[in-house]
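Numbers restart at 1 for each chain; the letters A, B, ... are given by sequence-line order, proteins then strands.
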Protein chains: 2
Amino acid sequence: MHKYEQVVRGIKQGIDSGEYPAGDLLPPAQKLCERYDVSKITIKRALDQMELEGLITRRKGSGAYVKTPVPAQKGLDKEVSADMLGFYAQQTELGKTVRTDVVDFDVASPPKSVAQSLTMENDEFAYYICRVRIADGTPWTIEYTYMPIKLFPDLRRHDAEVSLFSYINERTDYTIASSHRTIRAVKPTPEECRLLDVADDEPLLEIEQIVYFDDGRPFQYTRQRHAHGAEFVSVGLK
Amino acid sequence: MHKYEQVVRGIKQGIDSGEYPAGDLLPPAQKLCERYDVSKITIKRALDQMELEGLITRRKGSGAYVKTPVPAQKGLDKEVSADMLGFYAQQTELGKTVRTDVVDFDVASPPKSVAQSLTMENDEFAYYICRVRIADGTPWTIEYTYMPIKLFPDLRRHDAEVSLFSYINERTDYTIASSHRTIRAVKPTPEECRLLDVADDEPLLEIEQIVYFDDGRPFQYTRQRHAHGAEFVSVGLK
DNA sequence: AAGTGGTCTAGACCACTTC
DNA sequence: AAGTGGTCTAGACCACTTC
């Protein structure tokens, strides 16, 4: 654990315990340096992270203010996290029982736009996987995924039944690093109505996503469609 | 302009010009230090920002890779930006002709959940503003906004017709700093179908947003509903 | 005028990748 | 073993806020 992470933890505790109430200034950097026995830049590094997480804001010659917290998310169980967790990790973290139905597991030529997103040649093949994600008995999400076979020569249907992210983390040397997402509202197709058990006028939240390794290569194109009022949360800065 | 901003600009030019092709490593920090005549930490600061923007990824003992770019956003004009611009600034930036219809401009008691989000007392009043945003003749978005009158004693209908963000930036001493957003897919109400000129089965992208000053106080609650396939883009890290 | 955070430096130390 | 980026330090300098 790095020093700045310890500082983040300490200050978060201070906020939770009421030592630093919402709307108040945190102690000046100099005091925090003494308290945690670290240098000024380490304090800055810690506050940078807390600002990214939406917990504090900073004012130039003034200090760091504790933000008034967003009222408890009503549908926390419905939330689609903004960070890089797979569905499986996300839901089990919430204590849900998770099941995945693999509707399709094929090898195919991806659509041109997908091939382009994954920088694949014209005649290259990709796995095409369609899955329905079920948490606590309710189908929440349908997911259409393409992954180049070149990168994963030994992917099996079984891996898609558990978690593709676990497969990559545990069975390959690749490291998942980042993603680019586009989010929109869509109407379900008739087949989706059936698979997700929703009315044909229930809007779905679509998340189209390209996922990258830590060497900058895209390795996965995914289109998820979330039902039942799923929400995506995001902190905007500057 | 800070040094790290100049470095960001220089490296971005290198990517655009093809000097640093997608998939390649950037030069090691030491080389970049020499080239831009700055210290290692300033290079790190610049690369931090480029990583947040989704342009590069980094691998521990290895270096910073140029990411394969996301294929040109098809609907850039439809995009709902992830940073803190008002509708007006966002659309005029794209060269659009923008109009705003103020459907409602009232003072009212906000709903309890809104009052709570804005940390208002029970008996406090807020402006309630309903606006329809029209770009190039097409109604894109309907927006429901609450702002405590306490913070803006002199807000007028005219300010809502132009831009509330401009009003705050130019006519008050407050500084807009950050926002917390929740995004979901919704069905339009009959009135929204009429005002946005959409069919009753066209799904809308709803963005519920609380906007904060740089002292951490929330000052605005907004619910926007975007029609015509509006998209929200976001970069996910780690 | 005093207090504050942001930027920037040179350099130490470490963990990881690469060969 | 050599090269790489990440963390951390003490301290300089500046711009902004506060009084």
- Item | Side-chain N or O of A:Tyr4 closer than 4.0 Å to phosphate OP1/OP2 of D:dT7 | yes
A:Lys31 atom NZ is separated from C:dG5 atom C1', nearest whole Å, by 16 Å
Residues of residues 46-57 of chain B with a heavy atom under 4.0 Å from any atom of DNA chain D, listed by number, are none
Residues passing the ring-ring contact (aromatic ring centres under 6.0 Å, His included) test with B:Tyr221, sequence neighbours excluded, are none
Output for pair (A:Ile56 CD1, A:Lys67 NZ), nearest 0.5 Å, gives 9.5 Å
Taken in chain and number order and not counting sequence neighbours, the residues that satisfy ring-ring contact (aromatic ring centres under 6.0 Å, His included) with A:Tyr167 are none
Separation of C:dG5 atom P from B:Asp214 atom CG, nearest Å, is 14 Å
Report task. Report yes if at least one side-chain N or O of B:Arg58 is closer than 4.0 Å to OP1 or OP2 of D:dG6; otherwise report no. Result -> yes
So the salt bridge (Lys or Arg N to Asp or Glu O under 4.0 Å) pairs with at least one residue in residues 158-168 of chain B (sequence neighbours excluded) are B:Arg157-B:Glu161, B:Asp159-B:Arg171
For residues 27-36 of chain B, the salt bridge (Lys or Arg N to Asp or Glu O under 4.0 Å) pairs (sequence neighbours left out) are B:Glu19-B:Arg35
By salt bridge (charged side-chain N to carboxylate O under 4.0 Å, His left out), B:Asp48 pairs with (sequence neighbours left out) B:Lys44, B:Arg58
Atom CZ of B:Arg59 and atom C1' of D:dG5 are separated, to the nearest Å, by 13 Å
Check: Please walk me through it: do A:Ile168 and A:Phe219 pass side-chain contact (heavy atoms from CB on, under 4.5 Å)?
Finding: CA-CA 10 Å; A:Ile168 293 168; A:Phe219 70 91; 3.3 Å; yes
Listed pairs, N/O of protein and of nucleotides 2-4 of chain C, under 3.5 Å:
residue : atom : partner : partner atom : Å
C:dG3   : N2   : A:Gly61 : O            : 3.0

Counting just side-chain N and O atoms, does A:Arg45 come under 4.0 Å of either OP1 or OP2 of D:dT7?
yes
Quick note, A:Tyr65 side chain, CB onward, closest among C:dG6, D:dT18, C:dT18 is D:dT18
Taken in chain and number order and not counting sequence neighbours, the residues that satisfy ring-ring contact (aromatic ring centres under 6.0 Å, His included) with B:Tyr20 are none
Show me the side-chain donor-acceptor pairs of residues 144-154 of chain A shorter than 3.5 Å, one per line, residues at least two apart or across chains.
residue  : atom : partner  : partner atom : Å
A:Tyr144 : OH   : A:Glu192 : OE2          : 2.6
A:Lys150 : NZ   : A:Glu124 : OE2          : 3.4
A:Asp154 : OD1  : A:Arg156 : NE           : 3.0
A:Asp154 : OD1  : A:Arg156 : NH2          : 3.1

Donor-acceptor pairs are to be reported for all side-chain atoms of residues 3-13 of chain A against protein atoms at under 3.5 Å, with residues two or more places apart or in another chain.
residue : atom : partner : partner atom : Å
A:Tyr4  : OH   : A:Arg45 : NH2          : 3.0
A:Glu5  : OE1  : A:His2  : N            : 2.8
A:Lys12 : NZ   : A:Glu53 : OE1          : 2.9

Taking N or O atoms only and anything under 3.5 Å, show me the protein contacts with nucleotides 9-11 of chain C, one pair per line.
residue : atom : partner : partner atom : Å
C:dT9   : OP1  : B:Lys3  : NZ           : 2.9
C:dT9   : OP1  : B:Ser39 : N            : 3.4
C:dT9   : OP2  : B:Ser39 : N            : 2.6
C:dT9   : OP2  : B:Ser39 : OG           : 2.7
C:dT9   : OP2  : B:Thr42 : OG1          : 2.5

Go through the steps for B:Gln220 and B:Thr222 under the test side-chain hydrogen bond (donor to acceptor under 3.5 Å, both in side chains), then give the verdict. CA-CA 6 Å; B:Gln220 185 191 65; B:Thr222 301; 3.2 Å; yes
The dot-bracket string of DNA chain D, counting Watson-Crick and G-U wobble pairs with both distances under 3.5 Å, using [ ] for crossing pairs and | for pairs to another strand, is ||||||||||||||||||.
In whole angstroms, the gap separating C1' of C:dC14 from NE2 of A:His2 amounts to 9 Å
